[in-house]
Amino acid sequence: MSLAKTYSPADVEAKWYQRWQEKGFFQAHVNPKKQPYTVVIPPPNVTGVLHMGHMLNNTIQDVLVRRARMQGKEACWVPGTDHASIATEAKVVAMLKEQGINKKDLTREEFLGHAFAWKEKYGGIILEQLKQLGASCDWSRTRFTMEPKLTEAVLRVFVDLYRKGLIYRGVRMVNWDPQGGTAISDEEVIAKDVQGKMFHLRYELVSEPGHYLTVATSRPETIMADVAVAVNPTDPRYAALVGQQVRIPLVGREVPIITDERVAVDFGTGTLKVTPAHDLVDYEIGLAHNLPVIDVLNDDGTLNEQAGARYAGMDRFAVRRLIAKDLQEAGLLDKIEEYATIAQTSERTGAVIEPKLSLQWFLKMEHLAKPALEVVENDTIKLHPPKFKNMYRVWMENVRDWCISRQLWWGQRIPAYYLPDGSFVVALSAEEALGLAREQSGNNELQASDLRQDEDVLDTWFSSWLWPISVFDGFDDPDNADINYFYPTNDLVTAPEILFFWVARMIMAGLEYRQEVPFRNVYLTGIVRDALGRKMSKQLGNSPDPLDLIRDFGADAVRTGMLFSSPAGNDLLYDQKLIDQGRNFTNKLWNAFRLVKGWEPDATLGFANAQAVAWFEAKLAEAVAALDEHFEKFRMSDALLAVYKLVWDDFCSQYLEMVKPAYQAPIDPETLRRTVDFLETLLKLLHPFMPFITEELWHELAERGPRDYVCVAHWPVLTAPAGAAEALADMAKAQEIVAGVRNIRNQKNIGPTKQVALAVKTDDPALVQAYAPLISKLANLSELTFVQAAPAAAVGFVASGSEFFVPLDGQVDVAAERARLEKELTYALGFRDSVNKKLGNEKFVANAKPDVLERERQKLADAEAKIAALEQGLQGME
RNA sequence: GGGAGAUUAGCUCAGCUGGUUCAGAGCAUCUGCCUUACAAGCAGAGGGUCACUGGUUCGAACCCAGUAUCUCCCA
């Protein structure tokens with residue numbers, strides 16, 4: 001046999017992934033005999049590449065899916081990507097720019113041609129990367145949110161919601177992303193703390209030239225859009241000025257001083273310049289006072305001609321700097337203050353958002369949100385960890401209408417068609433639209449060419465919220481076999497950041513279109529951070545490339561490393577050490593296999609390890625029960641740790657050491673058979689976490705049939721064997737004795753190869769006798785004898801009420817030995833007293849439950865036994 | 001500013017209904033070992049005022065009130 005001392009993942013991973021696919025193990029089919037288990041992937045951006053967050057998220061999904069598959073369920077994990085309107089369009093625009101092509105010079109069709117070509121070339125790389133991670137998706141079901149069928153689903157839903165009166169078009173103040181050139185929804189706005197400047201500007205009073213009203217603003221570039229200055233009606237400082245006119249600095253235009261409750265008396269100077277086009281509150285004030293609206297901003301964030309020739313065409317921030325200088329020179333700038341404020345930025349581009357009045361499409365949320373809140377409140381859908389329920393409730397109770405139109409080309413074009421008179425119809429196709437338009441206008445002469453389709457596309461989330469239904473074609477064919485079987489899905493694994501963007505909206509869509517929740521459990525992962533707690537980012541360069549990690553350590557090591565330290569909802573502080581630990585674990589398993597593989601059976605030998613086998617059998621049943629419980633509660637890290645300890649501590653450190661034959665000695669066939677069985681069971685339990693090495697070892701361990709793969713093996717269902725509790729308890733005592741001897745070895749510096757003798761002084765020799773061979777082997781004893789009195793010159797310890805001695809001529813420090821025993825005795829006495837005190841307390845005896853009382857009595861008895869043994873030991877030293 | 005959650009060993013976290021020798025795990029640390037599966041390893045050890053202050057209780061890491069600090073969400 002020439003098996004390498006270390007496991008080398010690179011040689012085996014690609015091979016097994018290919019075999020699994022060839023065998024079709026990941027493909028799910030409608031099968032009424034089996035229970036379905038469905039997961040839809042949170043579709044990554046089609047232009048994206050795998051990052052650490054994806055690794056964590058997809059590892060968790062794969063663990064769940066693989067276990068379900070082994071449990072005999074029809075496991076269906078649907079992969080796919082979304083089209084990510086803003087991000088993708090930005091990338092394509094940038095690429096075209098490099099080629100010297102300006103988007104403005106292209107028609108919509110030409111642009112989409114470029115975009116699709118780009119997507120074909122670069123899109124979906126991430127799905128190939130997931131295969132390297134071992135993700136057991138059904139790749140035959142791969143979907144893309146902008147493919148024809150999913151696009152049709154989106155349009156159907158739009159038309160349906162419009163006809164139900166839930167979608168409307170209107171002029172509203174929206175969040176304008178000047179860099180993306182589009183409106184975005186409230187949820188896509190991220191507030192960031194920034195250090196800003198407050199400019200105190202002088203507005204001259206028309207009636208009193210040379211006298212000024214000071215107005216504080218953080219955006220002096222918007223003064224050209226001012227239509228009034230407002231003060232609070234209760235503010236005595238300005239009461240006399242109300243109704244007068246002031247001159248806007250530099251601009252010179254006269255605007256009135258008005259009152260409005262919305263002005264904060266204690267903010268700035270208590271005066272507010274009102275620019276209805278560029279601020280939500282100002283807009284409301286403008287409406288209330290019938291003020292005009294002056295828009296000085298272009299869509300790209302530059303100022304327009306309304307701002308005057310000097311500033312037109314310049315970027316808003318450049319104008320801010322320039323105008324500050326101009327104001328200064330004109331003596332109209334009172335002062336500039338530094339102040340901490342909040343900048344609203346775009347989730348997609350990072351650009352500072354401009355509130356902008358524009359005509360957009362909205363989806364009413366109230367009707368949809370109510371039932372979606374209800375199903376989470378009553379635990380029809382469970383969030384893991386449950387603390388997110390609070391957040392979910394608050395959001396759902398305060399949800400505002402969803403702005404679903406985007407001023408982009410990459411996405412589903414809104415199916416609204418405008419008539420020459422400006423009115424519009426909403427329809428699935430141009431033909432249908434024409435019919436409706438003729439009906440609506442009463443003009444049968446109307447031609448298709450007279451209609452103009454809305455230029456905007458829909459928010460990407462307006463595709464994603466349909467994902468659990470649309471991937472099974474549930475919109476165009478609502479009663480098909482797949483959707484009836486696989487929907488509702490079971491578990492969803494995603495990040496808390498998109499709880500509202502995506503999860504909440506999927507719940508709404510599921511209830512609206514299937515009258516059923518889209519999933520039962522939502523597992524929320526944390527954010528992957530570096531060891532210093534910083535979010536991983538390209539700018540910081542603190543994120544390793546996941547593919548490098550897989551190449552260097554193996555996918556199994558990376559998967560387990562990621563899971564070691566990531567309880568649900570908690571951030572994962574990534575540290576290379578975690579991957580090392582994962583790698584070490586694969587190596588440990590590999591070497592356990594090497595050991596067992598090397599054993600040669602001798603048919604003449606009888607079964608020599610009944611105790612060890614009975615013990616590990618009991619241990620295994622116990623561990624599987626614990627493991628299953630962790631899984632039911634979505635405690636993935638705990639589940640992994642449970643198997644980790646079972647394999648490393650119980651199987652390798654204990655069991656294998658118990659049954660391992662001497663060097664080059666043969667093993668009895670029964671022990672070998674049972675050990676191989678155990679190892680197979682362990683491979684099954686490990687498989688969801690470490691799919692590759694377990695499959696490799698599964699096939700190394702025995703000749704397998706064509707479809708005999710651990711990947712589809714039955715998940716172990718074990719019941720504790722008869723006498724399990726006793727086997728566990730007895731072995732624990734034996735192990736305590738072994739540990740006692742080993743402790744003495746360490747204290748006295750006796751190497752593991754040197755044999756020692758052990759003398760036992762006990763009233764109950766049965767257990768020690770029964771386990772004597774095992775204890776002798778594990779503690780490397782030369783002899784184990786029973787004595788009536790402590791031998792001279794020996795170091796002793798107390799275990800399970802008996803005394804043990806290791807005779808060590810010339811190495812025993814009697815004084816130190818006594819001191820150690822006395823210390824132990826003091827502790828035991830103190831402990832006994834505290835238990836006694838408890839049992840002597842009438843109220844305790846009266847109030848405590850019987851089993852609690854019983855346990856206390858047992859504690860007392862144990863303590864008494866230990867004290868007796870220690871006292872005898874001390875006497876023996878006299 | 002409003003709300004939610006958290007604070008347990010050097011680090012990351014468990015700790016269920018208040019009661020087991022209950023103060024735990026993994027990693028890290030320290031000591032000794034190249035013991036024929038594994039030094040990516042083996043054997044052992046040390047380490048905590050359960051954030052703080054009060055309260056309830058026979059009994060509190062756990063329940064209650066307040067304080068401090070941190071994180072997240074919303075404005």
Side-chain angles (χ1 to χ4, degrees), chain A residues 1 3-7 186 191 342 344 385-395 397-398 496-497 499-500 526-527 531 533 553 557 564-567 569-575 577-599 629-630 633 635 637-638 640-642 644-645 648-649 652-653 656-657 660 662-664 738-754 778-780 827-828 831-832 834-835 837-849 851-860 862-863 866:
Chain A
M1 184 188 69
L3 286 169
K5 276 176 90 167
T6 49
Y7 171 64
D186 294 333
I342 290 158
Q344 305 292 339
K387 66 176 178 184
F388 287 106
K389 217 167 144 174
N390 285 327
M391 241 169 78
Y392 184 85
R393 182 188 313 113
V394 170
W395 190 77
E397 283 172 350
N398 298 291
E497 298 117 84
L499 190 57
F500 311 136
I527 295 167
F553 296 91
F564 271 128
S565 178
S566 57
N570 277 30
D571 288 353
L572 167 75
L573 296 191
Y574 172 80
D575 192 323
K577 281 176 189 162
L578 292 169
I579 311 292
D580 285 339
Q581 195 186 346
R583 194 252 331 245
N584 294 353
F585 187 38
T586 59
N587 199 46
K588 186 71 185 176
L589 184 65
W590 171 255
N591 277 289
F593 157 75
R594 277 178 71 212
L595 175 67
V596 175
K597 182 80 175 174
W599 287 344
E629 197 188 334
H630 286 315
K633 295 183 176 168
R635 300 199 289 221
S637 285
D638 290 337
L640 172 60
L641 199 57
Y644 179 83
K645 287 202 273 192
W648 200 306
D649 299 344
C652 294
S653 298
L656 288 179
E657 293 299 329
K660 173 163 108 175
Y663 180 56
Q664 287 188 332
V738 171
V741 177
R742 286 174 173 172
N743 195 354
I744 288 172
R745 282 179 180 281
N746 269 288
Q747 279 173 16
K748 300 297 172 190
N749 238 329
I750 304 165
T753 45
K754 191 178 176 203
L778 295 177
N780 196 16
Y827 178 83
F831 178 71
R832 182 191 62 183
S834 80
V835 178
K837 200 172 152 194
K838 210 185 258 192
L839 285 168
N841 182 328
E842 278 174 34
K843 285 186 176 172
F844 172 69
V845 178
N847 292 326
K849 281 179 246 166
D851 58 319
V852 173
L853 258 181
E854 183 46 45
R855 266 179 264 159
E856 292 299 319
R857 295 208 170 101
Q858 186 59 49
K859 276 180 353 188
L860 185 61
D862 290 347
K866 182 158 191 180

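Here is how names work: the chains are called A, B, and so on, in the same order as the sequence lines, proteins then strands, and each is numbered from 1.
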(request) Look at A/Asp580 together with A/Arg583 and state whether they make a salt bridge at an N to O cut-off of under 4.0 Å. (result) yes
(message) If I pick the C1' atom on B/C74 and the same atom on B/C13, what distance separates them, to the nearest angstrom?
(response) 29 Å
(request) Provide the distance between the two C1' atoms, one in B/U8 and one in B/G48, to the nearest whole Å. (result) 8 Å
(message) Would you measure the distance from the C1' atom in B/C52 across to the matching atom in B/C70 and give it in whole Å?
(response) 15 Å
(message) Rounding to an integer number of Å, can you tell me how far A/Asn780 CG sits from B/G32 P?
(response) 21 Å
(message) Can you tell me which nucleotide in B/A40, B/A28, B/C72 comes closest to the side chain of A/Met391?
(response) B/C72
(message) Could you tell me how far apart A/Leu499 (CG) and B/A4 (P) are, to the nearest whole angstrom?
(response) 17 Å
(request) Of all the heavy-atom pairs spanning A/Pro752 and A/Asn780, show the shortest one and how long it is. (result) O-ND2, 2.8 Å
(request) Could you check how far CZ of A/Phe564 sits from P of B/G26, rounded to whole Å? (result) 11 Å
(message) Apply side-chain contact (heavy atoms from CB on, under 4.5 Å) to residues A/Thr586 and A/Phe553 and explain how you reach the verdict.
(response) CA-CA 10 Å; A/Thr586 59; A/Phe553 296 91; over 6 Å; no
(message) Heavy atoms only, 4.0 Å cut-off, all strands: where does A/Leu578 land among base, sugar-phosphate and nothing?
(response) nothing
(message) Donor-acceptor pair, distance only, cut-off 3.5 Å: does the side chain of A/Asp638 make one with the backbone of A/His630?
(response) no
(request) Map A/Lys577 and A/Phe500 onto RNA chain B by nearest heavy atom, then report which one ends up closer to the 5' terminus. (result) A/Lys577
(request) Among the candidates B/A40, B/C27, B/A25, find the nucleotide nearest to the side-chain atoms of A/Lys645. (result) B/A25
(message) If I pick the P atom on B/C63 and the same atom on B/A45, what distance separates them, to the nearest angstrom?
(response) 33 Å
(request) In whole angstrom, give me the gap between the C1' atoms of B/U12 and B/G18. (result) 27 Å
(request) Mind checking which stems touch RNA chain B? I mean at least 3 consecutive Watson-Crick or G-U pairs, both distances under 3.5 Å. (result) B:1-7 with B:68-74, B:10-13 with B:24-27, B:29-33 with B:41-45, B:51-55 with B:63-67
(message) In whole Å, I'd like the distance from the CG atom of A/Leu778 to the P atom of B/C42.
(response) 15 Å
(request) Would you mind reading off the distance between A/Arg583 atom CZ and B/C27 atom C1', rounded to a whole angstrom? (result) 15 Å
(request) Check whether the ring centres of A/Phe564 and A/Tyr644 lie less than 6.0 Å apart, and answer yes or no. (result) yes
(request) Measure across A/Asn587 and A/Tyr7 and return the closest heavy-atom pair with its distance rounded to 0.1 Å. (result) OD1-N, 3.0 Å
Atom pairs, N/O to N/O, protein against nucleotides 10-18 of chain B, distance under 3.5 Å?
| unit_1 | atom_1 | unit_2 | atom_2 | d |
| --- | --- | --- | --- | --- |
| B/U12 | O2' | A/Ser565 | OG | 2.7 |

(request) Of all the heavy-atom pairs spanning A/Trp599 and A/Lys660, show the shortest one and how long it is. (result) CZ2-CA, 3.9 Å
(message) Classify A/Arg742 by what it touches in the nucleic acid, base, sugar-phosphate, or nothing, heavy-atom distance under 4.0 Å.
(response) sugar-phosphate
(message) Looking at every non-hydrogen atom in both residues, tell me the closest pair between A/Leu572 and A/Ser565 and how far apart they are.
(response) CD1-O, 3.2 Å
(request) Send over the distance from A/Ile527 CD1 to B/U71 C1', rounded to a whole Å. (result) 11 Å
(message) Would you measure the distance from the P atom in B/C62 across to the matching atom in B/U7 and give it in whole Å?
(response) 11 Å
(message) For A/Lys5, is there any backbone N or O sitting under 3.5 Å from a side-chain donor or acceptor partner on A/Asn591?
(response) yes
(request) Determine the interatomic distance between P on B/G59 and the same-named atom on B/G55; round to the nearest Å. (result) 12 Å
(request) Check whether any side-chain heavy atom of A/Leu656 sits under 4.5 Å from a side-chain heavy atom of A/Val596, and report yes or no. (result) yes
(request) Classify every nucleotide of nucleotides 33-39 of chain B by which part a protein heavy atom approaches to under 4.0 Å, writing B for the base, S for the sugar-phosphate alone and - for neither, in 5'-to-3' order. (result) S-BBBBS
(request) Report the distance from atom NZ of A/Lys748 to atom P of B/A43, rounded to the nearest whole Å. (result) 22 Å
(request) Measure the NZ-CG distance between A/Lys577 and A/Asn584 for me, rounded to the nearest 0.5 Å. (result) 12.5 Å
(message) Between A/Leu860 and A/Asn743, which residue's closest nucleotide on RNA chain B lies nearer the 5′ terminus?
(response) A/Leu860
(request) For A/Asp649 and B/G44, give me the distance from atom CG to atom P, rounded to whole Å. (result) 11 Å
(request) Take atom C1' in B/U57 and the same atom in B/U17, then report the distance between them in whole Å. (result) 16 Å
(message) Parallel, tilted or perpendicular, judged at 30° and 60°: which one describes the rings of A/Phe500 and A/Trp395?
(response) parallel
(message) So does A/Ile527 get a backbone contact from the side chain of A/Asp571, meaning a donor-acceptor N/O pair under 3.5 Å?
(response) yes
